[in-house]
Amino acid sequence: MIPDLSADRIDRLRDAFRAASYDADGVLDLLGHSAHAALGRGEPVPALRATEGAGELGTLVRLFLLGQAEKQADVQAALGSLSTDDALAAGILAADGGLLRAGLDIRPYGEGEHSWWVVSDLDSDLRGGRPVDPDHVLGVGHASLSLVRATTRRPVGSVLDLGTGCGVQALHASTHAESITVTDVSERALALAGATFRLNDVEAELAAGEWFDPVRGRKFDLVVCNPPFVVGPPRTDFTYRDSGLAGDDASALVVRQLPSFLNEGGTGQLLASWVHREGEDWEDRVASWLPPGAGVDAWFVQRDVADPDLYVGTWLRDAGYDLRSEQGVRKANEWLDWFADNDVIGIGFGFVTLRRTDGPGEVVCEDLRHAFDDPLGPESDAWLRRVDWLRAHDSDEDLLAARLVTAGITVLEQVSQPGDEGWEPIVHRLHRTDGPGWQHEIDELGVRLLAGFRGALPLEELLELLAMGYGEDVEELTSAAIPMVRELVRHGMVVPAEWRGVDQ
């Protein structure tokens with residue numbers, strides 16, 4: 001059923017939220033940091049205690065964040081000019097005997113200076129542990145937040161949010177885009193996303209349809225997509241996660257088609273999953289999704305690999321299934337049988353950045369499963385800029401003529417062992433202290449070479465001096481150094497001298 005979230009009802013709901021200070025700051029002020037953190041861990045009691053006698057704001061928090069049933073008089077006082085009858089008719093509220101509960105999940109969501117409200121469906125916990133419905137509209141979860149952090153925030157003209165769900169990616173796009181178009185195959189998702197946009201005074205074009213069908217023939221400066229990337233048999237139990245395509249075909253479809261919807265120089269960023277099979281490199285698999293000479297720069301970043309047992313259990317719990325129930329056991333067996341029949345030994349998950357170029361593209365696959373805190377959005381922009389520089393210096397002669405600087409965010413770690421002459425270094429490891437925290441092991445000559453990267457001499461002259469000082473053959477030294485230097489430039493640990501002092 002599609003909720004009747006008319007503009008008038010949403011406008012009155014916004015007025016009530018503002019009057020009660022039901023926003024990110026207001027909720028934090030009411031609960032305090034400790035109870036707020038406990039609520040984030042799924043521990044409601046401290047928040048329940050903090051909302052006792054807290055008036056309209058307390059009522060709204062108990063309704064929408066804690067899933068409590070409240071007295072009609074208290075709810076009406078909190079909703080102001082929006083009558084409870086209208087809220088019931090819209091699906092915002094649901095009757096529970098003589099009390100009222102939230103019919104939708106409507107919660108404050110903020111980042112930095114921005115504060116919004118997001119409308120979605122109640123999760124399994126707030127539904128009393130019952131599995132969610134097939135057309136369930138997911139709220140702001142770990143996956144959507146990961147994509148938010150991995151997306152560029154440079155100013156752009158047009159953004160497409162493909163498969164918008166509750167609309168959270170479009171909310172962030174509204175901070176740096178002139179126009180926003182969102183699509184979804186689910187009419188319910190579009191209704192809730194439309195309510196999200198109306199609540200927050202965000203203008204967005206909404207279009208219904210599968211995949212890229214609603215925007216055929218159009219191009220955008222930025223496309224973001226959190227697709228139904230769950231890997232498994234070809235079924236659609238839940239529209240928010242299941243594509244109806246087998247295996248990782250949903251991710252492959254988006255990667256393959258997205259570049260044709262980008263303006264020249266436009267960027268696409270998405271979450272994706274891919275299968276790991278015995279004897280097959282995951283890098284070769286995802287790279288094959290883009291045809292050779294496609295005119296696309298692509299950066300595949302693998303953040304995690306799950307074994308099939310863990311993967312199935314996680315996603316069944318996500319939907320609210322009891323894994324010991326007859327239904328849960330049947331679903332798990334069907335899923336695991338499909339993995340076994342298709343030789344799946346793991347499921348990779350990560351981010352993909354794509355850019356339209358006017359020539360042969362660069363496709364790079366990297367494993368980034370170590371922990372780091374910095375968002376990948378700024379790094380994706382910097383990565384593409386470094387790809388451009390390396391492309392402009394693609395010949396050895398061009399690179400050897402370049403003046404380079406060791407970036408200030410690069411540090412050297414040395415591991416030594418005791419020897420006849422005292423401590424003897426056995427490992428030299430470079431660390432990048434920001435972004436994705438790249439690491440590279442280099443040898444003693446590499447350490448000496450980087451010490452000379454001060455922008456004064458071209459790479460070729462530094463290699464000649466290094467060869468002379470250590471009695472090395474300059475051609476052999478150069479042959480070994482060039483791929484190392486390219487990789488360090490790609491990872492922002494060594495930068496062109498002309499970039500010194502500016503963002504990389």
Side-chain angles (χ1 to χ4, degrees), residues 1-32 35-36 39 44 47-111 113-123 126-127 137 139-140 166-168 170-171 174 188-204:
M1 185 180 72
I2 309 301
D4 185 11
L5 298 167
S6 67
D8 176 64
R9 287 169 173 168
I10 294 301
D11 289 346
R12 284 184 281 158
L13 184 64
R14 185 199 313 114
D15 292 342
F17 286 171
R18 286 176 174 169
S21 296
Y22 181 63
D23 53 34
D25 289 339
V27 171
L28 179 59
D29 288 344
L30 172 64
L31 299 183
H36 192 270
L39 183 58
L48 283 169
R49 293 166 61 89
T51 58
E52 292 178 3
E56 288 80 7
L57 178 56
T59 299
L60 293 173
V61 170
R62 287 194 300 275
L63 268 178
F64 293 113
L65 302 186
L66 299 172
Q68 298 297 298
E70 298 292 311
K71 296 177 181 177
Q72 181 169 350
D74 292 338
V75 175
Q76 185 58 76
L79 294 184
S81 63
L82 177 63
S83 71
T84 55
D85 287 342
D86 267 357
L88 284 163
I92 295 169
L93 297 177
D96 183 359
L99 302 175
L100 296 174
R101 290 183 179 273
L104 293 171
D105 187 310
I106 309 178
R107 63 182 58 219
Y109 166 67
E111 183 188 64
E113 62 185 25
H114 303 289
S115 181
W116 299 294
W117 296 281
V118 175
V119 184
S120 63
D121 279 322
L122 300 172
D123 64 19
L126 294 182
R127 289 165 53 88
V137 179
V140 182
C166 66
V168 64
L171 289 181
S174 71
R188 183 175 181 85
L190 287 175
L192 299 194
T196 292
F197 302 147
R198 182 79 188 189
L199 267 179
N200 296 290
D201 295 312
V202 169
E203 293 289 334

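Heavy-atom basis, side chains included; hydrogens, waters and symmetry copies ignored.
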- Query: When you check the gap from the basic side-chain N to the acidic O, do R18 and D201 get nearer than 4.0 Å?
  - Reply: yes
- Query: Can you say whether the rings of F17 and W117 are parallel (under 30°), tilted (30 to 60°) or perpendicular (over 60°)?
  - Reply: tilted
With sequence neighbours left out, write down each residue that passes side-chain contact (heavy atoms from CB on, under 4.5 Å) with [X], or none if nothing qualifies.
| X | result |
| --- | --- |
| A195 | L5, I10, V119 |
| T59 | R62, L63, E70, D74, V75, A78 |
| A35 | L31, P46 |

- Task: Sorted by first residue and then second, give each salt bridge (charged side-chain N to carboxylate O under 4.0 Å, His left out) pair with at least one member in residues 85-103; sequence neighbours left out.
- Result: R9-D86, R12-D86, D96-R101
- Among L13, L30, L60, which one satisfies side-chain contact (heavy atoms from CB on, under 4.5 Å) with Y22? L60
- Query: Partners of E56 by side-chain hydrogen bond (donor to acceptor under 3.5 Å, both in side chains), sequence neighbours excluded?
  - Reply: none
- Could you pull out all residues at least two apart from S174 that satisfy side-chain hydrogen bond (donor to acceptor under 3.5 Å, both in side chains)? none
- Side-chain donor/acceptor of D105 to backbone N/O of S120, under 3.5 Å: no
- Message: side-chain contact (heavy atoms from CB on, under 4.5 Å), that's the test. Do V137 and C166 meet it? Break it down for me.
- Response: CA-CA 6 Å; V137 179; C166 66; 4.2 Å; yes
Might you point out which heavy atoms bring [X] and [Y] nearest each other, and give the distance in Å?
| X | Y | answer |
| --- | --- | --- |
| V27 | P108 | CG2-CG, 3.9 Å |
| S21 | L57 | O-CD1, 3.7 Å |
| S115 | N200 | O-OD1, 4.3 Å |

- Task: Check the pair W116, D23 against side-chain contact (heavy atoms from CB on, under 4.5 Å), reporting the backbone distance first and the verdict last.
- Result: CA-CA 7 Å; W116 299 294; D23 53 34; over 6 Å; no
